[in-house]
Amino acid sequence: MHIKNNTCRLILIATSLLLASCEKMFMSADMEPTPTATFDYLWTQIDERYSLFDVKDVDWNQMRDSLRPQVFDGMSNDSLFAVLKKLINSLNDGHVDIWGNNDVASSEEIFLQRYGNGNFDLNTVVLNYLRANHHTTGGMSYNTVSNGDVLYIRYYSFSNSASEAQIDAILQRYPYVKGFIFDIRQNGGGAIQNEWNLMAFLPNEGQLLYTTQLKAGPAHNDFGIPQQVFAPSNGNHTPISKPFVLLTDRGCYSAASSFALCLKSYSNVIVMGDTTGGGLAIPAGGALPNGWHYRFGVSRTIAPDGVNYENGVPPDQLLRLDPAAVANGHDNIIDSAARLIVTSDLN
Amino acid sequence: MKNKLQNNACLIVCVVTLIIPSLLSAQDPTDTSRLKTVVLTHASGFKTTSVRLGGGMGYGMYRDLGTAPMRFKGLMIQPSVGIEWSGMRKWTTTIDNNSTVGVFEDAVEPKLNFGSFDISNTLRFKMRKHISSVWSLEEESKLHLGHEDKHSIDPKKHYVSFSAGFGAANFIDITVNPEYENASTGISEFFGPELMLRADLFLNTIFDWWNYDKADKQIHTEIGFMPLAAVMRPGYAYIDNYTASQPVLAALFDQYEWHLKPFAGLYTDIGVDFISTFSRVSISYIWSYYSSGNGGASRFDHASHLFAIDFIIPIKTKRACISKITPVD
């Protein structure tokens, strides 16, 4: 077969040109990193992917109509950041944040309810209940109260370790107590795995804990297949059958709220204190066209009673911290929980 | 900086583009009547099994519209390993595995240090068949072949060989952006058949009776594409529902979605091979591009521009049948 000189050259040149091609031939250009594009992108992302509009008292279209005119190309980063902060603040959601060049925007409402409505006094707890001779295992500090009849466990954050081995070690140390107070007030959440580790020591009676769904489409009520979640297996642990009181307040957020919701399904557990801060949804993150970052919830959690407690899980026994008791060195919530355990029919 | 690197890459490719015709021209008398063409009519020579070890460095980018509307760009390195079975003028079969690791930056706000990592792996099986056309570029093409004249050596030749093939490829990419919380990890998977075309320019070929294309250099160009691929991407919410209390492996891909995408993958490879008997050192520029398509937030694009050096080392050679080359005037 004879191939002409020019033909071969053409084939080689064409092939080489193809080799020199690049992805720009196939991809659209990136979105412009302008303030208007950034605002529109964030508004649309939340509109199409945020999972909690049905429990948030906000008119999202109205928020766009009122804030969009304040955004123009050429405005400063600080000004744009202030507008975006107003936008996300309207959701009153502690899982909605923006990270900018030099600042972070978070829900002011969640901040105020956590620190303005706290149901917890750290000094009182540390000095008079944990005391100087307390023990610490993993992320849990503990000591007995009520003359050694009740074990008080303070868990500061679900980001701190609470492995099954650590929990087991604590329980082994106090086999004769009449019950447990597990204090997660002001616990802002963390790793959900620690929830499961703790629940492995509570009696599994096959109870439903909650139903969870992920966002699955752009409409506000587009959700995927609901997945029911039941109490985890006790494995080789002997479940705690004694009274177990969980202390909560508005500072319990995310995994701490989720833990409170789960424990309401256990027959030997009483949730005492104040309504939690909420934040049951799973936050997903991403970047804005100008390089800033955001996050917001993309799931919803429905309790066995059919309610979405995204804005806070109510306690079984509502009890506020009494400033007069605190002034006398007492935490009236811990005292009430201890009395409840000592006088419980479960003992 | 990144644009400059990209421009340099394109410049090098353009230079190579210009060099190839120049090489041809250098050997190409203006009087085409002096050209001779030979057709190789029988497959023969040695069957060789070789391993390929090498690596590359270059520039890459990805854009995952599920989490960000902009490209992430950066440097990447690629170790690679492969095996090749070749029978001269018969099918050449290769299995290659290339892994790339890249550290990428947000192109818009690199000063925020919102970096990301990109890890990808390409496993490619391909079989290509020589198409028996040879273009002689030199005036003298007198061949002396056969048992009786095995020491006769023809003057050096340059010729182009075309081949085509098919195979299958699997491309998996993991992007990790720690700032994205539960959406920090995105896995994209492409799997499908591949078709490819290849042209090889053999330089200074020596014809002898048992190893007729013993070139000392070879310039290759190859283009391959996936006509149809199965593509897996994170679902609408992008994250897996870890609150669903599933085992980790079950939850990992629970929300992922599959779809079919025509022309999901494309690669091109241009380079020069320095040949010593059955061993080769191959220096290549390789461009690859994968796109999940499917529009909207689920679209993922990934591209890499790599300069690679590979050592193709024979581990087994077996003499096949005697060459038979038919000269054609």
Side-chain angles (χ1 to χ4, degrees), chain A residues 1-5 8-9 11-13 15-23 26-27 30-31 33 37 41 45 48-49 51 99-101 192-193 196 209-210 212-218 222 224 227-230 232 258 280 282-293 295 298-299 301, chain B residues 6 10 13-14 16-17 20-21 24 28 32 35 37 39 61 63 66-71 106-112 114 132-135 160 177 179-184 199 201 221 223 235-239 241-246 255 268-270 285 287 289 291 297 301 303 305 328:
Chain A
M1 185 188 303
H2 185 83
I3 300 175
K4 293 284 188 188
N5 195 14
C8 200
R9 272 188 189 172
I11 291 169
L12 283 170
I13 290 169
T15 308
S16 302
L17 285 174
L18 258 179
L19 294 168
S21 64
C22 69
E23 57 279 3
F26 305 100
M27 293 175 63
D30 284 352
M31 193 175 284
Y41 182 84
Q45 284 291 306
E48 295 183 349
R49 297 177 62 202
S51 55
W99 288 266
N101 293 64
I192 197 170
Q193 181 58 46
W196 298 102
L209 301 180
Y210 57 81
T212 178
Q213 283 176 287
L214 284 180
K215 197 75 168 47
D222 282 346
Q227 293 176 283
Q228 290 188 317
V229 178
F230 295 90
S258 168
L280 301 173
I282 311 170
L288 299 173
N290 66 350
W292 296 351
H293 281 207
R295 70 168 187 170
V298 294
S299 73
T301 304
Chain B
Q6 191 176 13
C10 290
V13 172
C14 291
V16 175
T17 304
I20 291 173
L24 298 177
D28 183 16
T32 54
L35 295 174
T37 299
V39 175
M61 81 92 211
R63 185 172 70 183
T67 50
M70 80 286 276
R71 293 168 169 84
D106 174 342
V108 181
E109 279 284 8
K111 62 178 180 285
L112 291 178
F114 290 152
S132 58
S133 348
V134 173
W135 182 36
V160 179
N177 193 320
E179 305 295 331
Y180 292 171
E181 294 220 346
N182 298 304
S184 62
L201 170 62
T221 66
I223 180 168
Y236 188 84
Y238 202 86
I239 63 173
N241 193 350
Y242 59 82
T243 62
S245 185
Q246 294 171 294
Q255 304 297 328
T268 55
D269 177 349
I270 182 168
Y285 162 73
W287 172 73
Y289 172 65
S291 176
D301 294 272
H305 302 258
V328 177

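Each chain gets a letter, A, B and so on, in the order the sequences are listed, and its residues count up from 1.
Under the 3.5 Å distance criterion, the side-chain polar atoms of B/Y238 are left unmatched by any main-chain donor or acceptor of A/V298. Put simply, the side chain of B/N182 gets close to the backbone of A/P283: a donor and an acceptor are under 3.5 Å apart.
Counting heavy atoms from C-beta on, the side chains of A/L214 and B/I239 come closer than 4.5 Å. Residues B/R63 and A/E23 fail the side-chain proximity criterion, which asks for heavy atoms closer than 4.5 Å.
Looking at A/Q193, there are no atoms closer than 4.5 Å to chain B (heavy atoms on both sides), in backbone or side chain. When heavy atoms are compared at a cutoff of 4.5 Å, A/P232 does not approach chain B at all. A/T212 touches chain B through backbone and side chain together, each having a heavy atom under 4.5 Å away.
For the atom pair CD1 of A/I282 and CG of B/N241, the computed distance is 4.0 Å after rounding to the nearest 0.5 Å.
Taking B/Y180 as the reference, A/H293 meet the ring-ring contact (aromatic ring centres under 6.0 Å, His included) condition, with sequence neighbours excluded. With sequence neighbours excluded, no residue forms a side chain to side chain donor-acceptor pair (under 3.5 Å) with A/Q228.
When each of A/S258, A/G217, A/A284 is scored by its heavy-atom pairs under 4.5 Å with chain B, the top score falls to A/G217. Ranked by non-hydrogen atom pairs under 4.5 Å with chain A, the options B/S184, B/S291, B/A183 are led by B/A183.
For A/K215 against B/A237, the heavy-atom pair with the smallest separation is O-CB, 3.5 Å. Residues B/Y236 and A/E48 share a closest heavy-atom pair of OH-O, 2.9 Å.
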